[in-house]
Number of protein chains: 2
Amino acid sequence: MPDAADPAPMNAPSRRRFRREGEERRRQDLIEATLDSVAEHGLQGATLRTIALRAGVTAGLIRHYFPGKEELLQEAYAALMGRMTEQAKAALAMEDASPRQRLAAFVTANLNVPIIDARVFSLWATFIGRAGADPSLARAHREGYLGFRNEVEAVVAEVLAAERREPDAGQLRHHAIAINAIIDGLWIEGCLAGEMFSPGELAAIGIKTVEAELGLVPEREDNQ
Amino acid sequence: MPDAADPAPMNAPSRRRFRREGEERRRQDLIEATLDSVAEHGLQGATLRTIALRAGVTAGLIRHYFPGKEELLQEAYAALMGRMTEQAKAALAMEDASPRQRLAAFVTANLNVPIIDARVFSLWATFIGRAGADPSLARAHREGYLGFRNEVEAVVAEVLAAERREPDAGQLRHHAIAINAIIDGLWIEGCLAGEMFSPGELAAIGIKTVEAELGLVPEREDNQ
DNA sequence: GAGCTTGTTGTGCAAGTGTATAAATAGCCC
DNA sequence: GGGCTATTTATACACTTGCACAACAAGCTC
């Protein structure tokens, strides 16, 4: 008998079986499938049919949860940004540690998996590339960026205070901008060519560079 | 008489007038139009018809110069990368200057127009976002990146030599990676939100951070 | 289990895509 | 100026895309 492996009857025009999922679950599945599709095929390759296939549903269902593709992409981007900033900030949550240790932990967390990740980078670049033309994307980025930089600035202030230094607002801002740049730049290098660096190398470079930026004395290591 | 402004006769099914351009000129025009379209509409919005319209020709002509859209995009990306690395390296060409001055000039050049440019950034991000899925793009990036980093490493070696310091290969590599990251990170910040920084501010931060990274003593300025 | 709600499927469609190819004409050679 | 070549236009085509809508069934309520 042909098609014996398929449980569907031969001649019945039977529909596909399906399950009703909760709304929140379906939305998140669709968003995740969207991010997967965008990461793999780019914004152009992420068609509604591709996304639906990956989410295990049919394309028509997407319209039941999102007004259109545009809104789906926006929500997907928002979800991505939220996850990224959440992970980054989580690294600062060490309560019982010196400011300097917390800063080092922050840098380390941002320069290792899961934040160093080719898929996340691909998504970030794909979306941010449209920030120049899409004001809503630009705003979403700016908010995320400023939030991140403010976190950095707060830690820097603590670190310098512990060192009995009293930077003014402008110096603090410059430190935050520079440290943010260092982390961003190393993050990109790690995402794009992670295998060029030995494990922990990027984090070590990051900590050293950040501490040099702040004028902290190296702790007990000869260096050139 | 209707349509009097249009020089075409009323009833003649006249074709559009055109001029024959040199092959090289046409190819470059098409590539430039491609970059414009990608920057404005993303890879998805850069259709052959959009590109042709911007280049002032009709869509069919593209096939005369490029086998397909894929090849057109690849050549456009190659042209973009070539221009970027060329501009960056040009900043190092100051013959009669101290190594430290050349390094500062290099940083400054990379953190001002025309290298700080929203359009170029948009293009870079759009293309690089596909590097994870497109090996040819990944290779093109890696070559550009390593070329850039080697330039940095060479200048760093000169600067440190002038300071009578003798870093080993590993330290030199780390310096180059860090400085590259600083420039990249500040470049991104400037491209994405240039109006948040006063003119020259990014370059000033960049120089200060780079010199701190290398352990150079600040020249004649109090700082916190 | 009957009935109802609505999550889900499947099909259809107009617009737009890249590509193929024939027809036309610009500009050089003589 | 006449003719030739190949650059350029214009049209056609198969295919994909996002979106609309009607049919269907999963699973809750009673």
Side-chain angles (χ1 to χ4, degrees), chain A residues 6-9 11-34 37-38 40-77 126 130 134, chain B residues 6-9 11-34 37-38 40-76 130 134:
Chain A
D6 194 287
N11 57 353
S14 69
R15 291 193 147 211
R16 177 182 184 180
R17 288 266 197 66
F18 63 91
R19 283 204 330 152
R20 301 182 119 157
E21 298 284 354
E23 163 161 356
E24 210 43 50
R25 169 70 185 275
R26 265 285 133 83
R27 289 180 72 88
Q28 268 191 308
D29 281 354
L30 285 173
I31 285 177
E32 203 58 36
T34 302
S37 293
V38 172
E40 189 166 344
H41 307 106
L43 280 176
Q44 52 180 346
T47 70
L48 292 181
R49 287 165 175 83
T50 301
I51 293 169
L53 183 68
R54 198 180 280 263
V57 298
T58 54
L61 185 60
I62 294 180
R63 277 266 308 172
H64 192 76
Y65 289 100
F66 301 92
K69 190 187 180 184
E70 185 89 8
E71 290 79 4
L72 173 58
L73 286 175
Q74 278 183 15
E75 288 211 32
Y77 180 62
T126 301
R130 293 210 34 172
D134 189 328
Chain B
D6 195 288
N11 57 351
S14 71
R15 293 193 146 214
R16 177 182 185 174
R17 289 265 196 67
F18 63 91
R19 283 202 333 151
R20 301 180 111 145
E21 298 283 355
E23 164 161 355
E24 210 43 50
R25 169 70 185 276
R26 264 283 134 84
R27 290 179 71 89
Q28 267 190 307
D29 281 355
L30 285 172
I31 285 177
E32 204 57 36
T34 302
S37 294
V38 172
E40 189 166 345
H41 307 105
L43 279 174
Q44 52 179 346
T47 71
L48 292 182
R49 286 166 177 83
T50 300
I51 294 169
L53 183 67
R54 197 180 281 264
V57 298
T58 55
L61 185 61
I62 295 180
R63 279 265 308 172
H64 192 76
Y65 290 100
F66 300 92
K69 189 185 181 183
E70 185 87 12
E71 289 80 4
L72 173 59
L73 286 174
Q74 278 183 15
E75 287 210 32
R130 293 210 35 171
D134 189 328

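Lettering of chains follows the sequences in order, A, B, ..., and the numbering in each one begins at 1. This is a predicted model, so every value here is computed, not measured.
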Checking E32(A) side chain against D29(A) main chain: does a donor-acceptor pair fall under 3.5 Å? no

What's the CD-C1' distance between E21(A) and dC28(D), to the nearest Å? 16 Å

Which listed nucleotide (dA6(D), dT9(D), dC19(D)) is nearest to the side chain of H64(B)? dA6(D)

Selection from dG7(C), dT19(C), dT8(D) that lies nearest to any side-chain heavy atom of K69(B): dT19(C)

Ignoring the backbone of R15(B), work out which of dT7(D), dT17(D), dA24(C) is nearest its side chain. dA24(C)

Within less than 4.0 Å of OP1 or OP2 of dG7(C), is there a side-chain N or O belonging to Y65(A)? no

R25(A) CZ - dT8(C) P separation (whole Å): 11 Å

Quick one: label R19(A) by what it contacts on the DNA or RNA (base, sugar-phosphate, nothing), any heavy atom closer than 4.0 Å. sugar-phosphate

Just how far, in rounded Å, is P of dG10(C) from CD1 of I62(A)? 14 Å

Could you check whether R27(A) makes a cation-pi contact with F66(A), meaning its NZ or CZ is under 6.0 Å from the centre of the six-membered ring and within 45° of the ring axis? yes

Can you measure R27(B) atom CZ to dT7(D) atom P for me and round it to whole angstrom units? 12 Å

Looking at every heavy atom in both T58(B) and A52(B), which two are closest together, and how far apart are they? C-CB, 3.5 Å

Using whole Å, what does the distance between atom P of nucleotide dC15(D) and atom CG of L48(B) come to? 18 Å

Roughly, in whole Å, what's the span from CD in E71(A) to P in dG18(D)? 13 Å

Going by distance alone, is a donor N or O of one side chain under 3.5 Å from an acceptor N or O of the other, for T47(B) and T50(B)? yes

Round to the nearest Å and state the distance from L73(B) atom CG to dT17(C) atom C1'. 14 Å

What is the separation between atom CG on L72(B) and atom P on dT17(C), rounded to the nearest whole Å? 15 Å

R20(A) or R17(A): which one's nearest nucleotide on DNA chain C is closer to the 5' end? R20(A)

Over all strands shown, is R49(B) touching base, sugar-phosphate only, or nothing at heavy-atom distances under 4.0 angstrom? base

Within the 4.0 Å heavy-atom criterion, would you say F66(B) contacts the bases, only the backbone, or no part of the nucleic acid? nothing

Base, sugar-phosphate or nothing for E23(B)? Non-hydrogen atoms, less than 4.0 Å. nothing

Looking at every strand, decide which applies to T58(B) at a 4.0 Å heavy-atom threshold: base, sugar-phosphate, or nothing. base

Taking R25(A) first and then E23(A), would you say they form a salt bridge - that is, a charged N and a carboxylate O separated by under 4.0 Å? no

